[in-house]
> 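Here it is, the structure in full.
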Amino acid sequence: MTLDKLSPGGSGTIVNVRGEGALRCRLLDMGLIPKTKVTVCKVAPMGDPMEIRLRGYQLTLRKEDAAQIEIRIEINTETETEGA
């Protein structure tokens, strides 16, 4: 799954950063590297851009750039087991 598909409140861990050249370098320089946990805070009313939280700060990304970031969705097992 890619980061642009995640809805507000959803979180995941970066698995891969695609893209080439300057775009990929820019994403990596902003801290979007594999094994980093990200959470989507907000998405603009028209769907672009989106605000994410990672490494203790908030970052705004265009959907086009977020589509280059592959993530693995985090499943909160603590809340699932509490209801059982």
Side-chain angles (χ1 to χ4, degrees):
M1 172 181 224
T2 56
L3 184 58
D4 65 317
K5 305 288 189 233
L6 206 56
S7 56
S11 61
T13 303
I14 297 174
V15 176
N16 186 26
V17 179
R18 297 184 307 219
E20 295 181 10
L23 171 63
R24 186 170 192 277
C25 287
R26 186 170 61 94
L27 293 173
L28 293 170
D29 287 344
M30 290 188 289
L32 296 160
I33 60 174
K35 298 183 183 176
T36 300
K37 183 177 178 183
V38 295
T39 303
V40 176
C41 299
K42 303 178 208 173
V43 177
M46 297 299 286
D48 197 23
M50 63 190 307
E51 182 179 288
I52 62 171
R53 174 172 282 287
L54 71 152
R55 299 179 178 269
Y57 73 96
Q58 291 175 312
L59 176 67
T60 303
L61 281 178
R62 295 180 302 165
K63 287 264 189 169
E64 178 182 332
D65 295 341
Q68 300 300 315
I69 301 164
E70 294 179 37
I71 61 166
R72 182 180 66 244
I73 297 191
E74 298 287 317
I75 298 173
N76 190 347
T77 56
E78 291 177 17
T79 56
E80 290 178 6
T81 56
E82 287 176 7

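Computed over heavy atoms, backbone and side chain alike; hydrogens, waters and symmetry mates excluded.
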> Working to the nearest 0.5 Å, report the span between CG of Leu61 and CZ of Arg26.
7.5 Å

> Atom CD1 of Ile14 and atom CD of Glu70: how far apart are they, to the nearest 0.5 Å?
11.0 Å

> What distance separates Arg18 CZ from Leu23 CG, expressed to the nearest 0.5 Å?
11.0 Å

> Got more than 12 heavy atoms from elsewhere within 6.0 Å of CD, Glu64?
no

> Do the non-hydrogen side-chain atoms of Leu3 and Val40 ever get within less than 4.5 Å of each other?
yes

> Could you check whether any side-chain N or O of Arg24 sits under 3.5 Å from a backbone N or O of Val17, counting only pairs where one atom can act as donor and the other as acceptor?
yes

> Are the side chains of Leu32 and Leu59 in touch, meaning some heavy atoms are under 4.5 Å apart?
yes

> How far does CD of Gln68 sit from CG of Asn16, to the nearest 0.5 angstrom?
10.0 Å

> Please say yes or no: joined through hydrophobic side-chain contacts below 4.5 Å, possibly via intermediate residues, are Val15 and Val38 part of one cluster?
no

> Write down the atom of Pro8, the atom of Cys41, and the distance for their closest heavy-atom approach.
CB-O, 3.9 Å

> Nearest heavy-atom pair of Met50 and Ala66: which atoms, and what distance?
SD-CB, 3.7 Å

> Only counting residues at least two apart or in another chain, list the ones meeting side-chain hydrogen bond (donor to acceptor under 3.5 Å, both in side chains) with Thr60.
none

> Got a second to check how far Thr39's OG1 is from Ile52's CD1, nearest 0.5 Å?
9.0 Å

> Taking Asp48 for the side chain and Lys63 for the main chain, is one N or O donor matched with an acceptor at less than 3.5 Å?
yes

> Do Lys5 and Ile73 pass the side-chain contact (heavy atoms from CB on, under 4.5 Å) test, and can you show the C-alpha distance, the side-chain angles, and the key distance before you say yes or no?
CA-CA 11 Å; Lys5 305 288 189 233; Ile73 297 191; over 6 Å; no

> Going from CD1 on Ile69 to CG on Leu6, what distance comes out if it is rounded to the nearest 0.5 angstrom?
11.0 Å

